Amino acid sequence: MTLQQEIVGNAMQMAVVSLQPGQTVYCEAGKFLFKTTNVTMETRLGGPSDRGGQQPGGGSGGMGGLLRQAMGTAMQVGQRALAGESLAFQYFTSQGGEGTVGFAGVLPGEMRALELDGTRAWFAEKDAFVAAESTVDFGIAFQGGRTGMSGGEGFVLEKFTGRGTVIIAGAGNFIDLDPADFGGRIEVDTGCVVAFEEGIQYGVQRVGGLNRQGLMNAVFGGEGLSLATLEGHGRVILQSLTIEGLANALKKAQGGDKQGPTGGLFSTHAG
């Protein structure tokens with residue numbers, strides 16, 4: 001059953017989802033806006049493939065099945081806690097007729113509905129997830145230590161698998177690119193990556209060498225020491241506004257230039 005949804009608005013978009021009777025959509029805690037009265041709301045720790053021990057453990061499950069279910073839920077919650085994600089999901093199901101639910105991101109910017117056909121996963125930056133059909137599984141993908149330590153933003157990614165619609169959000173405006181159209185590789189500010197299809201190789205590289213120009217890029221260029229790299233053939237979604245850029249703009253508006261002329265490596269933060 002296809003998820004009927006419409007993304008509305010401009011600078012602060014929201015997704016309005018129409019649910020058929022018995023259809024379920026879930027969201028990260030804090031992304032829900034409104035619902036009609038015939039839509040039930042349930043908060044659970046488990047993902048859509050794990051009802052957190054609420055399903056009866058009959059048949060081959062029994063007590064062992066309930067224990068495995070509980071352990072699986074604990075592992076999911078532990079992964080989300082390590083990633084800094086919400087610990088719980090909210091589930092919305094329409095009862096007795098068509099229902100409506102509204103969702104939104106937490107930053108001024110765009111939203112995008114991605115359609116998964118079961119053959120290719122999607123990866124997104126932390127906090128991009130807004131809502132998805134119950135047929136879509138939400139997971140956490142940890143990049144290798146070398147990538148994570150050198151890139152900051154690239155260490156933890158959200159991973160979506162299965163079939164159905166998943167809705168993501170980001171800051172500013174979106175642009176869709178395919179690295180194959182640009183020689184097979186693009187280099188991006190690490191904070192600008194929103195999402196990409198499975199098959200795209202994601203990495204982090206140092207900006208220049210440890211020489212005069214490399215240090216100039218890091219200190220005065222505003223990019224720090226690293227850039228994200230995206231290689232291969234597939235869809236990539238970038239955002240025009242980074243969270244760090246928005247935070248620095250708000251700090252300036254409050255009367256203090258916390259980044260100053262050097263930016264990047266030597267930017268300071270309010271205590």
Side-chain angles (χ1 to χ4, degrees), residues 1-10 12-62 65-66 68-70 72-73 76-77 80 85-106 109-124 127-140 158-170 195 197 235 237:
M1 189 183 297
T2 302
L3 186 68
Q4 298 179 22
Q5 51 76 32
E6 180 183 7
I7 294 176
V8 298
N10 297 304
M12 295 279 294
Q13 292 189 324
M14 66 177 180
V16 179
V17 177
S18 297
L19 295 176
Q20 298 303 309
Q23 190 174 20
T24 298
V25 64
Y26 69 102
C27 75
E28 187 177 46
K31 305 293 177 69
F32 163 72
L33 290 180
F34 68 91
K35 69 179 184 68
T36 52
T37 56
N38 66 315
V39 174
T40 63
M41 180 171 66
E42 179 186 8
T43 300
R44 301 202 304 260
L45 294 178
S49 60
D50 174 15
R51 293 188 59 85
Q54 295 180 26
Q55 290 178 335
S60 61
L66 289 175
R68 284 192 299 272
Q69 221 169 35
T73 299
Q76 288 182 25
V77 172
R80 294 201 297 270
E85 299 278 357
S86 168
L87 298 184
F89 294 117
Q90 291 177 302
Y91 291 77
F92 302 86
T93 304
S94 182
Q95 304 286 349
E98 186 176 297
T100 302
V101 191
F103 304 100
V106 295
E110 287 197 44
M111 301 181 73
R112 188 66 55 83
L114 307 175
E115 299 297 333
L116 278 65
D117 62 6
T119 63
R120 211 180 243 200
W122 269 88
F123 296 89
D127 295 329
F129 173 68
V130 175
E133 286 183 83
S134 58
T135 53
V136 174
D137 285 325
F138 175 100
I140 299 295
E158 299 173 335
K159 182 179 181 180
F160 309 107
T161 56
R163 293 177 178 269
T165 305
V166 58
I167 301 171
I168 60 172
E197 286 183 294
R235 189 173 164 198
I237 301 175

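This one's a predicted model, so the numbers in the text were calculated from it and none came from an experiment.
Between Ala88 and Leu45, the shortest heavy-atom distance links the atoms CB-CD2, 4.1 Å. The nearest pair of heavy atoms linking Asn38 to Ser94 is ND2-OG, 3.5 Å. Scanning all heavy atoms of the two residues, the minimum distance from Gly105 to Ala169 falls at CA-CB, 4.0 Å.
A distance of 11.5 Å separates CZ of Phe123 from CD1 of Ile140, quoted to the nearest 0.5 Å. Here the CZ-CG distance, from Arg163 to Asp137, works out to 13.0 Å after rounding to the nearest 0.5 Å. A distance of 6.0 Å separates CZ in Phe138 from CD in Glu28, rounded to the nearest 0.5 Å.
The backbone N or O of Met111 lies less than 3.5 Å from a partner atom in the side chain of Gln13, making a donor-acceptor pair. Checked by atom type and distance alone, the side chain of Glu110 never pairs as donor or acceptor with a backbone atom of Gly170 at under 3.5 Å. Not a single donor-acceptor pair under 3.5 Å links the side chain of Thr100 to the backbone N or O of Thr36.
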Would you list the atom pairs, donor with acceptor, under 3.5 Å between side chains in residues 114-122 and any protein atom, with sequence neighbours excluded?
{"from": "Glu115", "atom 1": "OE1", "to": "Thr165", "atom 2": "OG1", "distance (Å)": "2.9"}
{"from": "Glu115", "atom 1": "OE2", "to": "Thr165", "atom 2": "OG1", "distance (Å)": "2.9"}
{"from": "Asp117", "atom 1": "OD1", "to": "Thr119", "atom 2": "N", "distance (Å)": "2.9"}
{"from": "Asp117", "atom 1": "OD1", "to": "Thr119", "atom 2": "OG1", "distance (Å)": "2.6"}
{"from": "Asp117", "atom 1": "OD2", "to": "Thr119", "atom 2": "OG1", "distance (Å)": "3.3"}
{"from": "Arg120", "atom 1": "NE", "to": "Glu198", "atom 2": "O", "distance (Å)": "3.3"}
{"from": "Arg120", "atom 1": "NH1", "to": "Glu197", "atom 2": "OE1", "distance (Å)": "3.2"}

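Put simply, the side chain of Val16 reaches to within 4.5 Å of the side chain of Val8, judged on heavy atoms. In this structure the side chain of Phe160 reaches within 4.5 angstrom of the side chain of Ile168, judged on heavy atoms. Between Glu42 and Gln90, the closest side-chain pair of non-hydrogen atoms is not below 4.5 Å.
Tyr26 meets the ring pair (Phe, Tyr, Trp, His ring centres under 6.0 Å) test with Phe89, Tyr91, Phe129; sequence neighbours excluded. In this structure, the side chain to side chain donor-acceptor pair (under 3.5 Å) partners of Thr93, at least two apart in sequence or on a different chain, are Thr24.
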* **side-chain contact (heavy atoms from CB on, under 4.5 Å) between Glu133 and Gln23, intermediate numbers included** => CA-CA 8 Å; Glu133 286 183 83; Gln23 190 174 20; 3.7 Å; yes

* Tell me, with the steps shown, if Val25 and Ile167 meet side-chain contact (heavy atoms from CB on, under 4.5 Å). => CA-CA 11 Å; Val25 64; Ile167 301 171; over 6 Å; no

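Atom NZ of Lys35 sits in a crowded spot, with more than 12 heavy atoms from other residues, nucleotides or ligands closer than 6.0 Å.
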